[in-house]
Amino acid sequence: MNSTFSVKMIQILGLLICLTLPSACESEGAASTEEPVVQWRFAIEETIGSVQHQYAIKFKELIETRSEGKIEVTIYPYGTLGTSDQITELVDMEVIQFAMASPGHLGKLIPEVQVFLLHFLFSDDDEINNKVLNEDPKLQETFDKLYARKDLKLLSIFSEGWQVWTTKKDIQNPDDFQGVKMRVMTTPLLLAAYEAYGASPTPLPYSEVYSALQLNMIDGQENPVFAIQEMNFYEVTDWMIFARHAPFITTAVTNREFFNSLSPERQKLVLGVVSDLNGYILDVQKQFNRERLNLIRKNRPKLNIVDELTPEARIAFREASQPVREQFIEMTGEDGRKLLAEIKATIKEYERKQTPASSTAQD
């Protein structure tokens with residue numbers, strides 16, 4: 001039997017088990033006893049206690065409250081329904097209605113979203129990045145069209161915090177990456193990003209990273225602080241380096257046909273909840289990352305933590321990363337070139353509106 005087909009069938013059977021035996025799967029809150037109750041399913045790429053989980057919990061709360069119990073949302077944390085790639089497939093098949101789809105995985109389907117993976121592109125100011133991603137109508141329209149090509153409806157784009165390197169050796173400049181086996185998500189541009197630094201990028205599923213670090217199959221990985229803490233990556237690495245090279249950006253999606261089949265009232269309900277979550281989740285990720293860093297410091301006081309790179313090191317990394325932008329354009333063609341230029345221009349526009357003290361994006 002075809003292995004891909006087998007995986008799909010296993011995931012569908014797993015979902016059916018969850019639907020018939022709710023206690024076998026994670027679900028937040030009590031089900032409404034009113035009839036009729038519509039069941040919506042929301043799969044995330046992270047575990048319970050993550051930023052994505054908190055987003056899904058709030059989404060569930062607002063949908064169920066505002067629908068007056070006529071809609072019930074069940075949340076499926078990472079691993080319940082398979083890998084990130086398999087979750088996206090289940091959305092495409094309309095087995096589940098909502099999912100998180102990070103560009104590190106979605107980039108294989110929609111190459112242009114890999115723009116979110118480029119290093120030293122976004123502003124150092126989280127507020128500016130949030131406005132760029134969710135408040136600029138032109139960019140929203142651009143991304144909506146890109147997702148529509150794969151029958152996905154883009155709901156929201158948000159940062160889960162800055163990517164942080166945890167490694168077995170000190171990394172202070174690109175030369176230090178020579179030969180380092182760095183775990184990356186399964187997308188071509190991340191491979192190119194770390195090859196540009198001289199590293200040996202190694203694609204691995206999220207669930208296998210800890211054991212791979214423990215067994216010295218890889219030498220390092222990158223994730224926001226909250227993920228490093230909840231997955232205990234800091235236990236099996238010696239250095240934690242805040243390079244502020246890229247925020248971890250993810251997207252919330254739904255099946256486009258499913259969304260279009262909803263009544264105008266329910267479409268408005270979904271979009272209203274998503275809009276309210278944009279500012280909420282920014283505050284959540286800041287709180288989570290701050291609190292989890294304190295826990296890491298407490299649990300492993302001798303961990304080597306580099307709070308920031310020197311200005312000279314940032315310049316060296318920035319320069320080393322520039323050729324990857326050309327690779328992005330080669331992968332995506334004219335659409336990618338226009339998108340990259342549009343994002344850079346939008347970031348600068350929002351920065352000009354900020355006070356002079358605001359941080360600036362890197363060219």
Side-chain angles (χ1 to χ4, degrees), residues 115-129 132 159-184 189-201 213 218-229 233-234 236-249 285-286 289-290 292-298 300-328 343-344 347-348 350-351 354-363:
V115 72
F116 296 136
L117 306 176
L118 292 172
H119 291 186
F120 300 99
L121 172 62
F122 285 90
S123 172
D124 284 345
D125 189 321
D126 285 334
E127 298 285 348
I128 287 177
N129 292 333
V132 169
S159 167
E160 297 189 50
W162 290 94
Q163 296 273 41
V164 178
W165 296 325
T166 60
T167 60
K168 295 178 181 290
K169 61 173 287 190
D170 189 12
I171 304 289
Q172 292 292 326
N173 58 67
D175 289 340
D176 294 331
F177 260 123
Q178 292 296 318
V180 171
K181 297 187 292 292
M182 195 74 174
R183 179 266 174 176
V184 297
L189 207 69
L190 280 176
L191 295 172
Y194 284 96
E195 285 172 351
Y197 298 149
S200 177
L213 287 167
I218 55 175
D219 305 310
Q221 64 83 47
E222 64 172 4
N223 262 295
V225 173
F226 80 87
I228 292 170
Q229 187 276 325
F233 297 147
Y234 68 95
V236 284
T237 47
D238 300 311
W239 291 83
M240 189 170 179
I241 301 162
F242 289 75
R244 293 182 73 84
H245 56 293
F248 181 82
I249 293 173
Q285 67 97 336
K286 288 181 178 179
N289 287 310
R290 181 175 60 251
R292 305 297 175 85
L293 181 58
N294 289 336
L295 281 174
I296 290 172
R297 291 183 185 276
K298 179 181 178 181
R300 195 173 175 199
K302 293 185 178 181
L303 179 68
N304 299 294
I305 298 179
V306 179
D307 293 318
E308 62 180 356
L309 297 177
T310 65
E312 294 78 15
R314 283 179 63 83
I315 290 171
F317 275 112
R318 190 181 311 128
E319 290 178 348
S321 72
Q322 295 305 299
V324 181
R325 299 190 186 189
E326 293 304 317
Q327 293 183 51
F328 169 75
I343 289 178
K344 289 169 65 176
I347 292 171
K348 288 185 177 181
Y350 277 97
E351 286 176 335
Q354 295 291 87
T355 62
S358 173
S359 299
T360 58
Q362 311 297 338
D363 287 332

When rounded to the nearest 0.5 angstrom, what distance separates CD in Q178 from CD1 in I171?
10.0 Å

Heavy-atom distance under 4.5 Å between the side chains of H245 and S321, does that happen here?
no

Should V225 and F242 count as side-chain neighbours, where that means a heavy-atom distance under 4.5 Å?
yes

For a side chain to side chain contact (heavy atoms under 4.5 Å, CB included) check, start with the C-alpha distance between R314 and E319, then their side-chain angles and the critical distance, and finish with the verdict.
CA-CA 8 Å; R314 283 179 63 83; E319 290 178 348; over 6 Å; no

Would a 4.5 Å heavy-atom cut-off, applied to side chains only, mark V306 and D170 as touching?
yes

Could you state the interatomic distance from CD1 (I128) to CD (E351), rounded to the nearest 0.5 Å?
4.5 Å

For I241, run the side chain to side chain contact (heavy atoms under 4.5 Å, CB included) check against V164, T167, D307 and tell me which one passes.
T167

Distance (rounded to the nearest 0.5 Å) between L293 CG and K298 NZ:
14.0 Å

Report the residues that fulfil salt bridge (charged side-chain N to carboxylate O under 4.0 Å, His left out) with D219, sequence neighbours left out, ordered by chain and then residue number.
K181

Any donor-acceptor N or O pair under 3.5 Å, side chains N223, Q221
yes

Can you check whether E312 reaches I315 side chain to side chain, under 4.5 Å on heavy atoms?
no

Heavy atoms only: give me the nearest E160-P224 pair and the separation to one decimal.
O-CB, 3.6 Å

Do D124 and W162 come close enough that some side-chain heavy atom pair is under 4.5 Å?
yes

Over all heavy atoms of both residues, which pair between G161 and N289 is shortest? Give the atoms and the distance, please.
CA-ND2, 3.7 Å

Residues two or more places apart in sequence or in another chain: which of them pass ring pair (Phe, Tyr, Trp, His ring centres under 6.0 Å) with Y197?
H119, F177, Y194, F317

Closest heavy-atom contact between M182 and E222?
CE-N, 4.1 Å

Can you check whether S159 reaches N129 side chain to side chain, under 4.5 Å on heavy atoms?
no

Once you round to the nearest 0.5 Å, how far does OH of Y234 lie from CD1 of I228?
11.0 Å

Set of side chain to side chain donor-acceptor pair (under 3.5 Å) partners for E127, sequence neighbours left out
K286

Which atom names give the shortest non-hydrogen contact between V180 and A199, and what distance separates them?
O-CB, 3.4 Å

Please evaluate residues R300 and D238 with respect to the criterion salt bridge (charged side-chain N to carboxylate O under 4.0 Å, His left out), reporting the C-alpha separation (whole Å), side-chain torsions for both, the decisive distance (0.1 Å), and the verdict.
CA-CA 10 Å; R300 195 173 175 199; D238 300 311; 3.3 Å; yes

pair F122-F116: side-chain heavy atoms closer than 4.5 Å
yes

Provide the closest heavy-atom pair for L309 versus A243 in the form atom of the first, atom of the second, distance.
CD1-CB, 3.7 Å

Quick one: CD on Q322 to CG on L118, what's the gap to the nearest 0.5 Å?
9.0 Å

Main chain of G220, side chain of K168: is a donor-acceptor contact present, judged purely on distance under 3.5 Å?
no

Measure across L303 and T237 and return the closest heavy-atom pair with its distance rounded to 0.1 Å.
CD1-O, 3.7 Å

Side-chain heavy-atom pair W165, Q163 within 4.5 angstrom cut-off:
no

Calculate, to the nearest 0.5 Å, the distance between atoms CG and CZ belonging to L295 and R292 respectively.
7.5 Å

